[in-house]
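Worksheet for the structure shown next.
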Amino acid sequence: MRIARHRPCLPTLVATVLLAVGAPADAEEAAALYQAECAACHGEARLGGIGPALLPGNLSRLTPEAAEAVIRDGRAASQMPAFGETLDDAAIASLAEWLYRPPAVEPRWTPQDILASQVVAHPDGSLPDAPAFAADPLNLFIVVETGDHHASLLDGDTFERIHRFETRYALHGGPKYTPDGRYVFFGSRDGWITKYDLYNLEVVAEVRAGINMRNIAVSADGRYVMAANYLPHSLVLFDAHNLDLMKVYPVASTAGQGSRVSAVYAAPPRGSFIAALKDIEEVWEIPWPLPAEPVVATGHMATPLETQRGHDTPNFQVRRIPVPDYLDDFFFDPAYRHLIGASRGGRGGMVIDLESGDKVADLPLEGMPHLGSGITWEHQGRRVMAIPHLARAAVSIIDMQDWSLVKTLETDGPGFFMRSHANSPHAWVDVFFGPHRDRVHVIDKASLEIVATLTPEPGKTAAHVEFDRHGERLLLSIWDEAGAVIVYDGDTLEALERIPMSKPSGKYNVWNKTRYEEGTSH
Ligand code: DHE
């Protein structure tokens, strides 16, 4: 075995031992190699960290040959680096083979574990009902800083930092707000959900939903939180008030095959949570109880909840919708009638009618469309959606009436995140991968042309935009330990201010999120 160099984040002692032992001839050596090369991101016990859990039950879609290729070449659109120059073929094969061996102790996270993890610091309703600051509470931004695991609360009018606080390790996915914007829920990759009171700047409650979590969703009425896990294979429902456990849904096919959950989202007009699964060709819909009075959800979805709920699944019961492929990534039309999904390894996307459960269209979306960051707008009287691709230097624009491809815009590299606002003439897309990762494109939503390409800080990754509630100014991240968010004027594209941050990943404006603004993620 050849180890040309070892990565700076590795435990030096173990790496030194490995240099001495040579090729890993047995499981013990492969295990040591795992500790040296992989544990920092995937966890010492393979339970996940900033990378996913690596246990046989989570690798069912990956052949050992494909696992070797991922170790050798890295994985597109993730933080998985290539080890091809560090490890020789024998070491890679040995390591890949070892990952498919069951762990000595099968990891478990039972309802009792969930209950025991719950901490209620300030029971819901025990803190004052007015904000402790003067800023517009509906124009606040949460900025997640993954560099040192903190979050900042910004005033969306003055961009003054109201507060900065420590978060759980490795938050991932967008924080979710209650409809009044008072509380925000964070989810971490290692399974923790934190409910935070923005008015009082205090944690209300925390609970650990799983060992390796994908994301969380909050019902449109703010009463329920659903967590989607990779490990264990489960969805977990909580009462949002103090994060009391309500129900654990083991995720498996009717034949008993378990599955990771790709993600879960709230579908307000349907009054339900919708989850796509990674290892079973099914989408799950789980309705929450409808309020006695019709609730107009928000923003452009001015439809009473009842009228859209066309199926008769009882509250909190699972409706299984068979689909033709695994769905790793997905998105919805504004009415939440259609789910637009894609498999990471697939050659395109598909549209599922959530009422009939039928596939109604195939989409020409090669190159790993990042549907989770899709946005929509009105173009010449028709609604279009635009999505970047994780493995292709392009943005695809699709007509949402007949699902035809309107345009493919060539970009300077594959992108991760896309953003706009109903009041802005522009859509922004980053160039997250490749040599031009310090650039962002600005697209004119009327002409569907790139009208500007900015390089906010040469050499540093520029990514992820979020507008203020008015659609006038926006925040863009400089994705670096010594990074920043830069405030731009949405019309003139002029940089107005630089606010230092530690690797700011996402920014989340209260108004845009609670109103399900068309130009942002939900
Ligand atoms: Fe994410 C959101 C999946 C890698 C940063 N990412 C999401 C969501 C999903 C997802 C399903 C939507 C959840 C939500 O908001 O409720 N992400 C995946 C992957 O499958 C992938 C490719 C591999 C993985 O490691 O899980 C992946 N994601 C990354 C990263 O490497 C990023 C860039 C850095 C990080 O923090 O891990 C990253 N993902 C983000 C961010 C969001 C996100 C900042 C929220 C975007 C938003 O604006 O809503």
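Since this is a predicted model, take the numbers as computed values, not measurements. All ligand and atom numbering here is 1-based and tracks the order in the structure. Just so it is clear, the values below take in all heavy atoms, side chains as well, and ignore hydrogens, waters and symmetry mates.
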Identity and distance of the protein heavy atom lying nearest atom 21 (C) of ligand 1: Ala77 O, 4.0 Å

Would Asn215 count as a polar contact of ligand 1, with the cut-off being nitrogen or oxygen pairs under 3.5 Å? yes

One thing to verify: whether Lys503 and Glu145 come together as a salt bridge, which I'm taking to mean a side-chain N less than 4.0 angstrom from a carboxylate O. no

Of all the N, O or S atoms in His172, which one sits nearest to atom 1 (Fe) of ligand 1? NE2

N or O contact, Ser262 vs ligand 1, cut-off under 3.5 Å: no

Would you call Arg419 a ligand 1 contact, heavy-atom distance under 4.0 Å? yes

Could Arg260 and Asp279 be called an ion pair, given the rule that one side-chain N must be under 4.0 Å from one carboxylate O? yes

Are the aromatic rings of Trp98 and Tyr34 close, with centres under 6.0 Å apart? yes

Decide if the gap between the ring center of Phe165 and the ring center of Tyr196 is smaller than 6.0 angstrom. yes

Would you say Ser78 has any N or O atom under 3.5 Å from an N or O of ligand 1, going by distance alone? no

What do you reckon, does Lys176 put a non-hydrogen atom under 4.0 Å from ligand 1? yes

Backbone, side chain, both or neither: what part of Met418 comes under 4.0 angstrom of ligand 1, heavy atoms only? neither

Run the ring-centre check on Phe332 versus His338 and record whether the distance is less than 6.0 Å. no

What are the atoms of ligand 1, with element, lying closer than 4.0 Å to any heavy atom of Ser521? 47 (C), 48 (O), 49 (O)

Count the heavy atoms of every other residue, nucleotide or ligand shown that sit under 6.0 Å from CZ of Arg168, and state whether that count exceeds 12. yes

Any N or O of Gln79 that comes nearer than 3.5 Å to an N or O of ligand 1? yes

What is the ring orientation for His149 with Tyr169, classed by angle as parallel under 30°, tilted 30 to 60°, or perpendicular over 60°? tilted

Suppose I only count heavy atoms of Ala263 and a 4.0 Å limit; which atoms of ligand 1 are within that range? 11 (C)

Minimum non-hydrogen distance to atom 46 (C) of ligand 1, winning option of Phe432, Phe416, Phe417: Phe417

Looking at ligand 1, does Met80 have a heavy atom less than 4.0 Å from it? no

Using 30° and 60° as the class limits, which term best fits the ring planes of His370 and Phe416: parallel, tilted or perpendicular? perpendicular

Under a 4.0 Å threshold between the charged nitrogen and the carboxylate oxygen, would Arg469 count as salt-bridged to Glu517? no

Number the atoms of ligand 1 from 1 as they appear, then name those within less than 4.0 Å of a heavy atom of Arg344, with their elements. 19 (C), 20 (O), 22 (C)

Could you see which bit of Lys507 sits under 4.0 Å from ligand 1, with heavy atoms only: side chain, backbone, both or neither? neither

Mind checking whether Ile50 has an N or O less than 3.5 Å away from an N or O of ligand 1? no

With heavy atoms only and a cut-off of under 4.0 Å, state how Trp479 meets ligand 1: side chain, backbone, both or neither. side chain

